[in-house]
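The analysis underlying the following values was restricted to heavy atoms, covering all of them including side chains, and did not include hydrogens, waters or symmetry mates.
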Amino acid sequence: MGRRRAFDEDEVVRTAVGLFGARAFDGVSVDDLVTHLGVHRNSLYKTFGSKRGLYLAALRRHVADDVRPLAEALGAAPDAATALRLVTSADLGLLLFAAVDRAPADEEVAAEVSAALAALDQAIADALDISTALAGGLTAAALGILLRGNPDGVGTALTQRFDSSD
């Protein structure tokens, strides 16, 4: 009979979301994971198989805990300005890093990112009664603002523009 696990797998995955969301996949070493997660290297590999395995678990948790609730909130957005505010205020670091860093080279990550973005697009389309293509443009603009850190208040200006056109 093996030893009982000395760590909470859910807590490890939640903490990994924060690490990967702040520094991306390549910015987090296995040593960083061991140090920050409080998990022995052997336990990490036994539980997740690899750093990539933990990354995928973290990405899926991020989608479940952060992206899906955002999509639900977007589904109730009364207007484009509210939708824009919701996306630009969300913690989507891991999704953004996954989209630009890992998805181009990893089909499994690309599928997770694509499904998450499609859910956001569909929620906006449903809430605003617009095409998914137009909703995708709004999602892309909001994520771009989030990615760039809202340079020169562009998010605020765009939100005000949407507010005045509703």
Side-chain angles (χ1 to χ4, degrees), residues 1-77 83-127 132-133 135-150:
M1 198 154 98
R3 283 192 286 163
R4 282 188 49 203
R5 203 176 276 162
F7 63 91
D8 180 343
E9 188 175 328
D10 284 341
E11 184 60 34
V12 165
V13 173
R14 269 193 293 274
T15 303
V17 168
L19 286 171
F20 289 124
R23 297 193 274 170
F25 181 82
D26 289 332
V28 178
S29 69
V30 173
D31 287 338
D32 291 331
L33 292 170
V34 168
T35 300
H36 287 90
L37 302 176
V39 176
H40 292 282
R41 185 179 301 266
N42 290 343
S43 295
L44 182 95
Y45 284 111
K46 184 176 181 182
T47 304
F48 301 103
S50 64
K51 174 182 158 183
R52 180 181 176 274
L54 175 56
Y55 179 82
L56 286 169
L59 179 58
R60 290 179 181 123
R61 171 61 58 86
H62 176 55
V63 169
D65 290 356
D66 301 314
V67 179
R68 283 190 192 130
L70 173 60
E72 289 173 17
L74 287 169
L84 184 64
R85 272 193 291 278
L86 286 168
V87 175
T88 58
S89 65
D91 180 5
L92 298 176
L94 182 50
L95 180 65
L96 291 171
F97 273 133
V100 299
D101 179 50
R102 299 303 301 165
D106 187 322
E107 289 180 18
E108 205 167 350
V109 172
E112 293 290 336
V113 168
S114 180
L117 294 176
L120 296 177
D121 294 346
Q122 190 62 56
I124 291 171
D126 292 346
T132 54
L138 183 59
T139 303
L143 291 174
I145 291 166
L146 190 58
L147 182 66
R148 294 181 65 197
N150 197 18

Write down the atom of Ala135, the atom of Ala125, and the distance for their closest heavy-atom approach. CB-N, 3.5 Å
What's the verdict on side chain to side chain contact (heavy atoms under 4.5 Å, CB included) for Leu33 and Val39, showing C-alpha distance, side-chain angles and the deciding distance? CA-CA 8 Å; Leu33 292 170; Val39 176; over 6 Å; no
Going by the rule side-chain contact (heavy atoms from CB on, under 4.5 Å), which residues pair with Ser114 if we only count those two or more places apart in sequence or in a different chain? none
Contacts of type side-chain hydrogen bond (donor to acceptor under 3.5 Å, both in side chains), residue Arg60, not counting sequence neighbours: Glu108, Glu112
To the nearest 0.5 Å, what is the distance between CD on Glu9 and CZ on Phe48? 4.5 Å
Can you list everything that forms a side-chain hydrogen bond (donor to acceptor under 3.5 Å, both in side chains) with Ser89? Sequence neighbours excluded, please. none
Looking just at side-chain N and O atoms, do Asp121 and Thr132 make a donor-acceptor pair shorter than 3.5 Å? no
Just wondering, do Leu147 and Leu92 contact through their side chains at under 4.5 Å, heavy atoms? no
Backbone N or O of Val28 within a donor-acceptor pair of the Lys51 side chain at under 3.5 Å? yes
In terms of heavy-atom contacts, Ala110 and Ala103 come closest through CB-O, 3.5 Å
Give the minimum heavy-atom separation between Ala99 and Pro104, together with the two atoms involved. O-CD, 3.6 Å
Using a strict cut-off of less than 4.0 Å between a Lys/Arg side-chain nitrogen and an Asp/Glu carboxylate oxygen, indicate whether Asp10 and Arg61 qualify as a salt bridge. yes
Can you name the residues that form a side-chain hydrogen bond (donor to acceptor under 3.5 Å, both in side chains) with Asn42, not counting sequence neighbours? none
Of all heavy-atom pairs linking Gly75 and Ala127, the shortest is O-CB, 3.4 Å
If I compare all heavy atoms of Ala71 with all of Ala123, which pair ends up nearest, and what's the gap? O-CB, 3.2 Å
Any donor-acceptor pair under 3.5 Å linking the side-chain atoms of His62 with those of Asp66? yes
Hits for side-chain contact (heavy atoms from CB on, under 4.5 Å) against Val100, two or more places apart or cross-chain, chain-then-number order -> none
Which residue pairs pass the side-chain hydrogen bond (donor to acceptor under 3.5 Å, both in side chains) test when at least one of the two sits in residues 95-107, sequence neighbours left out? Arg52-Asp106
Can you say whether the rings of Phe20 and Phe25 are parallel (under 30°), tilted (30 to 60°) or perpendicular (over 60°)? parallel
Using every non-hydrogen atom in the two residues, find where Leu138 and Ala83 come nearest and quote the distance to one decimal. CD2-CB, 4.2 Å
When rounded to the nearest 0.5 angstrom, what distance separates CG in Leu120 from CG in Leu143? 7.0 Å
Minimum side-chain heavy-atom gap Tyr45-Val30 below 4.5 Å: yes
Could you tell me if the side chain of Ile145 sits less than 4.5 Å from the side chain of Leu84, heavy atoms only? yes
Less than 4.5 Å apart, any side-chain heavy atom of Leu86 and any of Leu70? yes
Going by the side-chain contact (heavy atoms from CB on, under 4.5 Å) test, name the single residue among Leu94, Leu19, Val17 that passes it with Tyr55. Leu94
How about Leu54 and Leu37: do any of their side-chain heavy atoms sit closer than 4.5 Å? yes
Do Val87 and Leu74 make a side-chain contact, defined as non-hydrogen atoms from C-beta onward lying under 4.5 Å apart? yes
Under 3.5 Å, is there a donor-acceptor pair linking the side chains of Asp32 and Thr35? no
